[in-house]
Every structure is written in C-alpha cells, then in structure tokens.
S.K.: 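Before we start, here is the structure in question, set down as structure tokens.
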Amino acid sequence: GGKVTLSQGLKAASSIWSSMSKGATSLIHQGKSKRKINAKALDSLMNISDALSSAFDDSDQEHMRLLRDVYTCFFPDGTFSLVSAKWKEAGWQEPDPRKGLKTSGILALQCIRYMHEHNAAKFQQLVTANKGSTKTKYPFAVVAVNVTLVLAELLSLKNGKVEDSQIGCLDLFADEKTFFYIFVTCF
C-alpha cells in the first residue's frame with residue numbers, strides 16, 4: 001500500500017475511537033437495571049465527577065501543586081513555568097495549559113500524574129514518541145484530556161448525578177484508583 005497522510009490517519013483513528021466508544025457504551029449499559037451503587041463506589045465516583053467539574057484555579061494551592069507535578073512529569077529537570085513553550089512540547093495546544101483544561105477540570109491533570117506515578121515506563125515511552133517528527137507525533141496532553149472526557153462520558157459523570165446512573169459496573173469504582181487505572185489502560 002501507499003503512504004497514509006496524517007489527515008487520513010486522524011480520520012481513521014477518529015472512526016476507530018467512535019466505534020470503540022459506541023461498543024463500550026453498549027457493553028457498559030447492557031442489562032440496565034436500577035440498583036443501588038455501594039457507598040464507597042458512589043463516593044469515589046462523586047470525587048471524580050467533582051474533579052471533572054472543578055475549573056483550574058490559580059489561587060488554589062492544590063491545583064497549582066498538581067500542575068507543577070504534571071510539569072515535572074514531562075520535564076523532571078526543568079523549572080516550572082505557568083506559561084511556557086515547554087507546555088506545547090508536552091502536547092498542550094497553547095503555552096498555557098490551563099486553556100486546555102476547560103472541559104476536563106483538574107481530572108485530566110490527575111490522570112496524567114497518576115499515569116506517571118504508576119506506570120512511569122509507559123509514560124516515558126509515550127512522551128518520547130511524542131517528541132518525534134511534528135508530522136507523525138500526536139499531542140500527548142490533548143489526547144490525555146480527550147481520553148479523560150470519553151471515560152467520564154461513558155460513565156455518565158458529567159452531570160454529577162452518579163447515583164442516578166443505571167450502569168451495571170459502577171461498584172468496581174469502590175477502589176478510588178479504578179478510573180485512573182482505566183485511563184492508563186486506554187492510553
């Protein structure tokens with residue numbers, strides 16, 4: 001076969017992702033029946049939903065620490081800067097990563113940090129691959145935000161009414177790390 005253009009590759013990836021999303025949604029919603037979610041899972045999912053809806057706040061020390069942690073994940077020897085071209089090297093669309101967090105709150109930052117802390121080898125492999133040719137690399141941070149949003153959508157976390165969900169597998173989230181584990185697996 002001939003060469004595949006970046007545009008063709010992105011279109012194919014979009015189509016594959018759409019199919020996966022539909023399949024996952026179908027599987028997750030299979031056998032819908034209204035039942036009570038265990039309290040620990042509900043608490044964990046509410047925390048995830050809260051992080052999703054928490055806009056990044058410069059005055060919040062926890063938010064700033066989280067952003068510094070993420071910067072260090074990408075640039076372990078670098079000096080943190082809130083606005084820098086380095087953020088674009090990490091796959092953000094702008095030199096100010098806060099602009100890329102409008103739809104994912106602080107949850108995407110938590111996911112990136114979790115991936116680095118719990119699967120550093122995979123994280124470094126993906127970061128290194130991202131530093132390749134601008135014609136072939138994908139924007140790591142943008143993909144992380146989008147994977148976070150798709151998972152939140154699949155789990156119906158955007159509306160903050162987790163307890164009304166009819167998804168059958170939510171008890172798996174009694175372990176508060178389940179969402180982040182799934183994030184790393186999807187990546």
Side-chain angles (χ1 to χ4, degrees), residues 3-22 24 48-155 157-159 179-180 182-187:
K3 285 186 174 183
V4 176
T5 67
L6 180 59
S7 175
Q8 291 169 323
L10 290 173
K11 187 174 181 178
S14 175
S15 175
I16 291 168
W17 188 256
S18 178
S19 294
M20 285 174 41
S21 177
K22 286 176 188 172
I48 292 165
S49 182
D50 289 347
L52 180 68
S53 63
S54 291
F56 186 87
D57 179 359
D58 298 3
S59 66
D60 186 313
Q61 290 181 352
E62 177 60 28
H63 289 195
M64 287 302 294
R65 190 177 93 233
L66 182 58
L67 191 61
R68 280 186 179 90
D69 288 351
V70 168
Y71 187 89
T72 302
C73 293
F74 288 105
F75 310 107
D77 299 323
T79 302
F80 173 77
S81 179
L82 191 54
V83 178
S84 165
K86 286 282 201 187
W87 288 109
K88 288 186 80 167
E89 289 178 34
W92 298 94
Q93 292 179 325
E94 301 287 333
D96 183 349
R98 297 170 296 179
K99 293 179 180 181
L101 297 171
K102 290 179 182 172
T103 55
S104 69
I106 61 168
L107 184 58
L109 292 174
Q110 291 174 339
C111 287
I112 291 169
R113 180 176 65 185
Y114 180 89
M115 177 187 257
H116 182 263
E117 290 174 350
H118 296 276
N119 200 335
K122 181 175 184 174
F123 183 90
Q124 285 306 319
Q125 177 187 14
L126 293 169
V127 168
T128 300
N130 188 44
K131 290 182 181 177
S133 164
T134 56
K135 291 183 179 182
T136 59
K137 74 178 184 176
Y138 64 92
F140 183 94
V142 171
V143 172
V145 168
N146 286 317
V147 168
T148 300
L149 292 172
V150 168
L151 289 174
E153 181 73 27
L154 290 172
L155 295 168
L157 297 176
K158 285 189 174 188
N159 64 10
F179 183 89
F180 302 104
I182 293 170
F183 170 85
V184 171
T185 303
C186 289
F187 227 96

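Worth saying up front: this structure is predicted, and the values here are computed from it rather than measured.
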S.K.: Does K88 have any side chain to side chain contact (heavy atoms under 4.5 Å, CB included) partners at least two apart in sequence or in another chain, and if so, which?
M.R.: P95
S.K.: Flag yes if more than 12 heavy atoms outside E117 fall under 6.0 Å of its CD atom; otherwise flag no.
M.R.: yes
S.K.: Side chain to side chain contact (heavy atoms under 4.5 Å, CB included) with A108: which residues, sequence neighbours excluded?
M.R.: L101, S104, V145, T148
S.K.: Where do L126 and F140 come nearest, in terms of heavy atoms and distance?
M.R.: CB-CE1, 3.4 Å
S.K.: With side chains defined as the heavy atoms from C-beta onward, is the minimum distance between L157 and L107 less than 4.5 Å?
M.R.: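 Of all side-chain heavy-atom pairs linking L107 with L157, none is under 4.5 Å.
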S.K.: To the nearest 0.5 Å, how far apart are CG in L154 and SG in C186?
M.R.: 8.0 Å
S.K.: Is any side-chain heavy atom of L149 closer than 4.5 Å to one of N146?
M.R.: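 N146 reaches L149 side chain to side chain.
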S.K.: Which pair of non-hydrogen atoms, one from V142 and one from G91, has the smallest distance, and what is that distance?
M.R.: CG2-O, 3.1 Å
S.K.: Name the residue from D60, D58, D57 that meets the salt bridge (charged side-chain N to carboxylate O under 4.0 Å, His left out) definition with R98.
M.R.: D58
S.K.: First locate atom CD1 of I112, then atom CD1 of I106, and finally report the distance between them rounded to the nearest 0.5 Å.
M.R.: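 I112 CD1 to I106 CD1: 12.5 Å, rounded to 0.5 Å.
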S.K.: Please output the side-chain donor-acceptor pairs of residues 64-82 that fall under 3.5 Å, not counting sequence neighbours, one pair per line with the distance.
M.R.:
{"residue": "R65", "atom": "NH1", "partner": "E62", "partner atom": "OE1", "Å": "2.7"}
{"residue": "R65", "atom": "NH2", "partner": "E62", "partner atom": "OE1", "Å": "3.2"}
{"residue": "R65", "atom": "NH2", "partner": "E62", "partner atom": "OE2", "Å": "3.4"}
{"residue": "D69", "atom": "OD2", "partner": "R113", "partner atom": "NH1", "Å": "2.9"}
{"residue": "Y71", "atom": "OH", "partner": "T79", "partner atom": "O", "Å": "3.2"}
{"residue": "T72", "atom": "OG1", "partner": "R68", "partner atom": "O", "Å": "3.0"}
{"residue": "S81", "atom": "OG", "partner": "V83", "partner atom": "O", "Å": "2.9"}

S.K.: Side chains of C111 and F179: closer than 4.5 Å at any heavy-atom pair?
M.R.: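 A side-chain contact exists here, since the closest heavy-atom pair is under 4.5 Å.
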S.K.: Heavy atoms, side chains only, cut-off 4.5 Å: are Q110 and F180 in contact?
M.R.: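 SC-SC contact between Q110 and F180 confirmed.
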S.K.: With no hydrogens and no angle check, is any side-chain donor or acceptor of K122 less than 3.5 Å from a backbone partner on M115?
M.R.: no
S.K.: Does any part of the side chain of W87, heavy atoms only, come nearer than 4.5 Å to the side chain of D96, both counted from C-beta?
M.R.: no
S.K.: Is the distance from the ring center of Y114 to that of F123 below 6.0 Å?
M.R.: no
